[in-house]
Amino acid sequence: MIKILKATEKNIKKAADIIKKGGIVAFPTETVYGLGANVFDENAVLKIFETKKRPHFDPLIVHISKTEQLKLLAEKIPSKLIKITETFWPGPLTLIFKKNKKVPDTVTAGLPTVAVRIPSNKIALKLIEYSATPICAPSANKFTKTSPTTPQHIIKQFNYGIDLILDGGKTEFGIESTIIKYENNKFYLLRPGAIEIEKIEEVIKTKILKPNFKKIEASGQFKKHYSPEHRVVIVRDESKIRDNLTSAYIAFNKKPQKKYKIVKILSPSSNLKEAAHNLFTFFHELDSKKIKKIYVELLPETGLGIAINDRIRKASGKEE
Ligand code: TXA
Ligand code: MG
């Protein structure tokens with residue numbers, strides 16, 4: 001059994017001791033729960049890959065608690081990124097920097113760059129501070145499975161291998177951070193996420209481009225990701241659905257036309273933040289239900305809708 005402890009001051013310190021001794025701890029961030037280790041302890045980092053069954057070519061995000069800690073990880077900090085860090089950190093935005101030699105290649109999967117963010121969740125910030133080191137942490141789920149937004153979601157996927165779960169309740173955003181890369185004077189979106197692209201574009205006053213990937217650089221590259229146990233099917237034309245009585249249906253804002261075994265509504269008031277907050281939670285809830293499939297509607301393709309649709313498409317195994 002994996003131990004879950006309420007994230008009190010005392011228990012955050014306990015978790016920090018585990019990190020210092022080379023253990024791995026699951027902890028809340030404002031996006032999803034992460035599975036963290038001391039970034040400079042390669043054995044601990046390897047435990048994360050092993051426990052998650054994550055392929056070694058998929059790099060981790062490093063979490064820091066103050067901008068000064070960037071020096072420990074990045075070779076240099078492009079001046080163009082300073083305004084972005086000042087505006088969006090702490091918060092769900094991950095930036096890619098040229099890495100320095102001290103960052104183990106295991107963390108970056110051999111890439112010359114390192115992904116970094118300052119989370120805004122107070123428990124995460126304290127854990128990093130008390131651990132006295134940046135903490136690398138992917139989402140605390142098995143590879144290709146749905147990211148956890150509560151400790152119970154983690155327990156469902158793991159029986160052992162995690163030294164402690166810090167319980168900070170349900171996460172605020174419910175989907176992962178936005179990942180941006182700045183290269184050759186241009187900004188690229190590696191993963192849409194909890195901060196809307198439009199908001200970042202307003203600050204940098206330029207368009208963020210879609211990269212033309214040659215190799216795997218972000219989770220966006222894997223066709224199947226964020227998947228619940230049941231098959232996820234995107235709804236194109238509801239009238240064509242035949243197995244409605246044995247399936248679940250996740251709608252954006254209003255009930256579907258037909259009757260389904262289970263119906264879930266992401267946000268009755270069409271609020272995209274609420275929809276993001278609910279999507280993975282609904283996926284997790286449906287894991288334990290006897291259903292054939294999960295039908296899901298796509299949301300309007302603006303703001304957070306872009307990130308939510310990305311997760312729905314990946315969960316269905318379809319890139320469109
Ligand atoms: O909100 C989040 O970002 C959460 C919380 C825990 O912070 N973390 C998270 O980590 O979503 P993960 O490992 O599930 O996804 C991080 C993605 C990886 O799929 C990886 O491909 C990409 O970030 N990434 C990491 N380092 C990179 C790098 N140097 N260049 C490009 N992409 C990178
Ligand atoms: Mg993940």
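Since the model is a prediction, treat every value here as computed from it, not as a measurement. All ligand and atom numbering here is 1-based and tracks the order in the structure.
Residue Arg54 places at least one N or O, backbone or side chain, under 3.5 Å from an N or O of ligand 1. Polar contact with ligand 1: present for His63 (N/O pair, distance under 3.5 Å). Taking distance alone, with nitrogen or oxygen atoms compared against 3.5 Å, Ser177 approaches ligand 1 more closely than that limit. Between Tyr33 and ligand 1, a contact under 3.5 Å exists for no N or O pair. Of the N or O atoms in Lys52, none lie within a sub-3.5 Å distance of an N or O in ligand 1.
Only the side chain of Arg191 comes within 4.0 Å of ligand 1, counting heavy atoms alone; its backbone N, CA, C and O stay farther away. Counting heavy atoms closer than 4.0 Å to ligand 1, residue Ile179 contributes side-chain atoms (C-beta onward) but none from N, CA, C or O. Here Arg117 has side-chain heavy atoms under 4.0 Å from ligand 1, and that is the only part of it that gets that close.
Side-chain atoms of Glu30 do not come within 3.5 Å of backbone N or O of Glu172 as any donor-acceptor pair.
Ring geometry for Phe187 versus Tyr182: interplanar angle of 30 to 60°, hence tilted.
Not a single heavy atom of Thr108 sits less than 4.0 Å from an atom of ligand 1.
Taking 2.8 Å as the threshold, Ser147 does not count as a candidate ligand of the Mg ion (ligand 2), since none of its N, O or S atoms lies below it.
Side-chain contact of Ser65 with Gln69: a donor-acceptor pair under 3.5 Å is present, judged by distance alone.
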